[in-house]
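This report refers to the structure that appears directly beneath it.
Heavy-atom basis, side chains included; hydrogens, waters and symmetry copies ignored.
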Amino acid sequence: MAALLTRRIVSGEVDDGRAPSELDIAQEFGVSRVVARETLKILASLDIVDVAQGRRVVVRPPAEWDYLSPLLVEWLPSETVGELLQELHQMRVVLEPELAAMAAASATGQSLDRLKAGIERMAELEGDPNAYLEVDHEFHMEICRAADNRILDRIMYSARWLGTASRRITNEAPAALRKATGDHAEIYEALVARDPDRARAAMRKHLANNSALLAEKEKRTKRAARRR
């Protein structure tokens, strides 16, 4: 029910910003008031609606919704998810090159060993995009941990669901995984050299390659939509 109501709200099927009430939900879906109340709690937890005792249920501005929630990402239309992936990439461009530079100065030998093992594992998994995705994500999180900033670490971690969706797109392109492994190796070598500028540049190059893949995917999606 929460998924269906979210899709209705996104598509503009609610009047004057008024979401269905507990009673509305119970009557439409034939469920108890308790189940209806829990449904509204889910929407409220995603910052989609405001629910207050004795007041109507009000839809919050879309800009305030919890786009880092995997539930919300799953329920949004593909066009909106595509926009979010572009915005995620913008965040990564702002943060990850600096995280790589910080890691070049502070990474421990153990952290570098884990990064090296990750690259070796990625090389083995270039024919398996799903398995590669997990190692890819852990490689970037290891760099984040090596930068030794707990706030930035939590920011990156909170975006992991969108990051997974983004990597599924970039990993599906021909030869994308082989190129990604090479990019990761360049980042690693810069970290081993303790060269912040080189690490920053290597991460920027990697993200630029990802941006090109995302843009190409968006073009294909729009062409397919026009043909329908």
Reported [atom1]-to-[atom2] distance for the pair [X] and [Y], which is rounded to 0.5 angstrom:
X	Y	atom1	atom2	answer
Ile25	Glu38	CD1	CD	11.5 Å
Ile155	Asn149	CD1	CG	8.0 Å
Leu5	Ile48	CG	CD1	9.0 Å
Glu126	Glu124	CD	CD	10.0 Å
Trp161	Leu88	CH2	CG	14.0 Å
Asn209	Lys179	CG	NZ	5.0 Å

Do [X] and [Y] land in one hydrophobic cluster if side-chain heavy atoms of ILVMFWY residues count as linked below 4.5 Å?
X	Y	value
Leu207	Met122	yes
Leu23	Val49	no
Leu125	Ile119	yes
Leu162	Val93	no
Leu84	Val10	yes

Minimal non-hydrogen separation, [X] against [Y], with atom names:
X	Y	value
Arg92	Asn210	NH1-ND2, 3.9 Å
Ala193	Arg198	CB-NH1, 3.6 Å
Ala100	Ile143	CA-CG2, 4.0 Å
Ala36	Ala26	CB-N, 4.0 Å
Asp66	Ser45	OD2-O, 4.5 Å
Ser106	Ala146	OG-O, 2.6 Å

| said: What verdict does the salt bridge (Lys or Arg N to Asp or Glu O under 4.0 Å) test give for Arg200 and Asp197, after you've listed the backbone C-alpha separation in whole Å, the side-chain angles of each residue and the deciding distance to 0.1 Å? | reply: CA-CA 5 Å; Arg200 185 184 292 112; Asp197 290 338; 2.9 Å; yes
Does any N or O in the side chain of [X] come within less than 3.5 Å of the main-chain N or O of [Y], such that one atom is a donor and the other an acceptor?
X	Y	result
Thr39	Ala2	no
Tyr157	Met141	no
Asp24	Ser21	yes
His184	Ala180	yes
Arg204	Glu96	no
Arg154	Ile151	no
Ser211	Ala208	no
Trp65	Arg60	yes
Tyr132	Thr181	yes

Surrounding [atom1] of [X] (heavy atoms of other residues, nucleotides or ligands, distance under 6.0 Å), is the total greater than 12?
X	atom1	result
Gln110	CD	no
Arg114	CZ	yes
Arg33	CZ	yes

| Between Thr6 and Leu71, is a side chain to side chain contact (heavy atoms under 4.5 Å, CB included) present by the stated rule, with each step listed? | CA-CA 10 Å; Thr6 297; Leu71 274 181; over 6 Å; no
Is any side-chain heavy atom of [X] less than 4.5 Å from a side-chain heavy atom of [Y]?
X	Y	value
Glu138	Arg121	no
Leu43	Val57	no
Leu4	Arg8	yes

| request: Start with the C-alpha distance between His137 and Met156, add both sets of side-chain angles, then the distance that settles side chain to side chain contact (heavy atoms under 4.5 Å, CB included), and finish with yes or no. | output: CA-CA 10 Å; His137 172 74; Met156 292 294 295; over 6 Å; no
| request: Take Trp75 and Leu46 through the side chain to side chain contact (heavy atoms under 4.5 Å, CB included) test and state the conclusion after the steps. | output: CA-CA 11 Å; Trp75 296 342; Leu46 298 173; 3.6 Å; yes
| Leu115 and Phe139: CA distance, side-chain angles, deciding distance, side chain to side chain contact (heavy atoms under 4.5 Å, CB included) verdict | CA-CA 6 Å; Leu115 290 168; Phe139 179 87; 3.5 Å; yes
| Between Asp153 and Arg150, is there a side-chain N and carboxylate O pair less than 4.0 Å apart? |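 So Asp153 does not pair with Arg150 through a salt bridge.
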| message | Distance alone, cut at 3.5 Å: any donor-acceptor contact between the side chains of Glu13 and Ser11? | response | yes
